[in-house]
Novice: 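My questions all concern the structure below.
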Number of protein chains: 2
Amino acid sequence: MLKKERHDFIMRQINLHNRVLTSDLVQLLNVSEDTIRRDLQELSDEGLLFKVHGGALSKSYHSSFDDSTVYARDSKIIIAKKATGLITDGMVVLTGGGTTILEFVKQLPQNIAATFFTISPLVAVELAKYDNIEVILIGGLFSKNSQVTYGGQVITQLAELKADLCLMGTSAIHPEEGLTDTYWEINQLKKAMLASSKKTAVLCISEKLDIALRLRVCPIESISYLITELDQDHESLTRYQNREVHIL
Amino acid sequence: MLKKERHDFIMRQINLHNRVLTSDLVQLLNVSEDTIRRDLQELSDEGLLFKVHGGALSKSYHSSFDDSTVYARDSKIIIAKKATGLITDGMVVLTGGGTTILEFVKQLPQNIAATFFTISPLVAVELAKYDNIEVILIGGLFSKNSQVTYGGQVITQLAELKADLCLMGTSAIHPEEGLTDTYWEINQLKKAMLASSKKTAVLCISEKLDIALRLRVCPIESISYLITELDQDHESLTRYQNREVHIL
DNA sequence: TATATTATTGCAACAAACCGCAAAAACACG
DNA sequence: CGTGTTTTTGCGGTTTGTTGCAATAATATA
């Protein structure tokens with residue numbers, strides 16, 4: 001393999017995963033550590049990546065990625081980590097959009113092998129960084145507000161699908177009213193997603209608990225897992241606990 | 001064997017395999033290393049390949065997709081600006097993916113009113129920033145390499161659609177061979193996109209001119225507009241000019 | 001702080017590139 | 001045809017590029 005090809009390979013890995021480990025590259029490319037280190041040094045000199053102890057990081061990861069802009073990011077990371085526990089190899093997963101789901105994708109283990117259907121282009125792009133994940137983007141009208149596809153075409157495609165697990169964020173959840181939403185189209189969308197999945201996990205920061213909006217998506221019993229940043233036995237969650245809903 | 005024949009042979013190998021090793025060519029062509037090196041040097045001077053230590057690489061071997069440092073960004077901005085001239089209010093436009101198309105979207109005038117179909121999630125997200133643009137994302141399998149949706153589902157949806165204009169990037173264009181590509185699925189995809197549009201514009205930086213890859217998408221006559229960063233009457237473009245193709 | 005992992009540096013072996021030169025082939029032209 | 005010129009090619013010697021190794025320094029992790 002030519003040096004240039006190695007460099008291209010490394011850059012591809014970097015842009016795919018936002019980071020590379022020296023040790024991984026040694027195995028993948030079957031060359032000595034020294035060679036990889038020199039490659040990383042050269043690419044770093046060209047300003048194509050950030051060299052760090054143990055490997056290298058994507059340049060865009062630091063510059064363009066403004067972590068601070070995501071609201072309540074710390075909470076969302078906790079939620080995301082809990083949610084990854086639900087995913088096992090071979091699973092078929094359906095996801096919605098939103099920053100919480102996006103965070104969930106970033107927290108997935110590197111080698112997870114699964115099939116993901118999603119209505120969120122951003123989630124699709126993030127999922128594509130995993131070698132062993134097959135990504136199917138469900139197409140349709142694209143919503144400027146929620147950054148997901150919606151509309152009849154999406155509903156139709158969802159109807160043909162049966163996923164093991166559906167992961168969705170929510171803007172409101174209430175012990176009696178269940179999941180609710182403000183927009184008709186998003187409401188329809190979520191209903192269709194629920195119907196297409198054997199189980200459903202709702203990812204939701206605690207400040208969205210105990211809120212009911214105009215349009216009802218489903219009763220609380222239709223939800224299999226409720227994932228918040230709170231402890232399992234936090235008092236805010238007791239009213240959600242029942243035979244159907246597992247609190248994580 | 002004549003020099004010209006050797007050069008043709010080398011270019012065939014390059015376009016077939018994306019790479020050649022000096023040592024391989026020495027054996028295949030039964031000439032000295034120096035001769036091969038000189039051949040590669042000359043072909044490199046003509047801009048037909050990239051010479052590297054140990055051999056040479058195809059010019060289109062810029063497979064990697066890096067969002068941080070877009071390759072030849074200045075050229076792509078020039079191309080993008082030219083392309084915006086093709087869009088008028090009320091148009092139905094179909095776009096592919098790639099950094100050039102993404103740049104095109106960023107250059108669109110703020111209040112343009114049009115309908116865009118796209119196979120690229122990133123393009124969809126960017127288009128969503130325009131208030132008066134309706135965005136329809138065509139869904140399907142998501143390609144990790146090219147960051148667009150592809151496969152049967154995409155083809156099927158494209159078949160139901162007739163756009164006024166199709167905008168696509170390309171990795172290779174040649175006056176006799178037309179549009180060509182390396183991957184079967186992308187090839188099929190581009191064919192379907194062409195069939196779904198009344199007119200087609202190809203956005204393409206000049207270094208991808210005069211390159212032919214393995215799989216043919218369409219003859220040069222099927223293209224309505226060819227947009228490069230070069231001046232309209234640049235000599236590199238004369239061979240592309242004919243009744244059908246407009247050079248911008 | 002102790003221990004393991006990763007970086008750095010100089011070095012040697014090898015491969016490839018470069019340079020000048022000369023032989024051979026192709027070409028131009030009277 | 002012959003002769004001078006240009007182009008092409010291969011060879012030897014030299015320089016540069018690439019890679020892996022070993023010893024040492026720096027850094028992470030518990």
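Chain letters run A, B, ... following the sequence lines, proteins first and then strands; every chain starts at 1.
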Novice: Within the 3.5 Å criterion, strictly below it, is a donor on A:S120 or A:Q147 matched to an acceptor on the partner's side chain?
Specialist: no
Novice: Which whole-number value in Å describes the distance from B:L25 CG to D:dG10 C1'?
Specialist: 17 Å
Novice: Between D:dC21, C:dA17, C:dT5, which nucleotide gets closest to the side-chain atoms of B:R37?
Specialist: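 Given the options D:dC21, C:dA17, C:dT5, the side chain of B:R37 is closest to C:dA17.
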Novice: Which nucleotide in the set C:dT8, C:dC19, D:dT18 lies at the smallest distance from any side-chain heavy atom of A:K3?
Specialist: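 When the side chain of A:K3 is considered, D:dT18 is the closest of C:dT8, C:dC19, D:dT18.
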Novice: The side chain of B:V31 is closest to which nucleotide in this list: C:dT9, D:dG10, D:dT18?
Specialist: D:dG10
Novice: Can you tell me the distance, in whole Å, between the NE2 atom of A:H7 and the P atom of D:dG17?
Specialist: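 After rounding, the reported distance stands at 14 Å.
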Novice: If you assign each of A:R38 and B:K51 to its closest nucleotide in DNA chain C, which residue comes earlier from the 5' end?
Specialist: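 Looking at DNA chain C, the more 5' nearest nucleotide goes with A:R38.
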Novice: Between A:Y130 and A:V135, is there a side-chain heavy-atom distance shorter than 4.5 Å?
Specialist: no
Novice: Using whole Å, what does the distance between atom P of nucleotide D:dG12 and atom CG of B:D34 come to?
Specialist: 11 Å
Novice: Let's see if you can work this out: which of D:dG10, D:dT18, D:dG20 has an atom nearest to the side-chain heavy atoms of A:T35?
Specialist: D:dG20
Novice: Run the side chain to side chain contact (heavy atoms under 4.5 Å, CB included) check on B:L21 and A:L2 step by step: do they pass?
Specialist: CA-CA 9 Å; B:L21 300 181; A:L2 299 166; 3.7 Å; yes
Novice: Pick the closest DNA chain D nucleotide for B:S32 and for A:S32 by heavy atoms, then say which residue is nearer the 5' end.
Specialist: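 Its nucleotide being nearer the 5' end, the pick is B:S32.
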Novice: Select one nucleotide: of C:dC18, C:dT8, C:dA7, the one nearest the side-chain heavy atoms of A:T22.
Specialist: C:dA7
Novice: Under a 4.0 Å threshold between the charged nitrogen and the carboxylate oxygen, would B:R12 count as salt-bridged to B:D8?
Specialist: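 Result for this pair is no, no salt bridge flagged.
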Novice: Given C:dT8, D:dT9, D:dG10, which nucleotide is nearest the side-chain atoms of B:R6?
Specialist: D:dT9
Novice: Base, sugar-phosphate alone, or nothing: which one does A:V52 contact when heavy atoms must sit under 4.0 Å apart?
Specialist: sugar-phosphate
Novice: Closest approach to the side chain of A:H53, judged atom by atom: which nucleotide of D:dG17, D:dA28, D:dC11 is it?
Specialist: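 Between D:dG17, D:dA28, D:dC11, the one nearest the side chain of A:H53 would be D:dA28.
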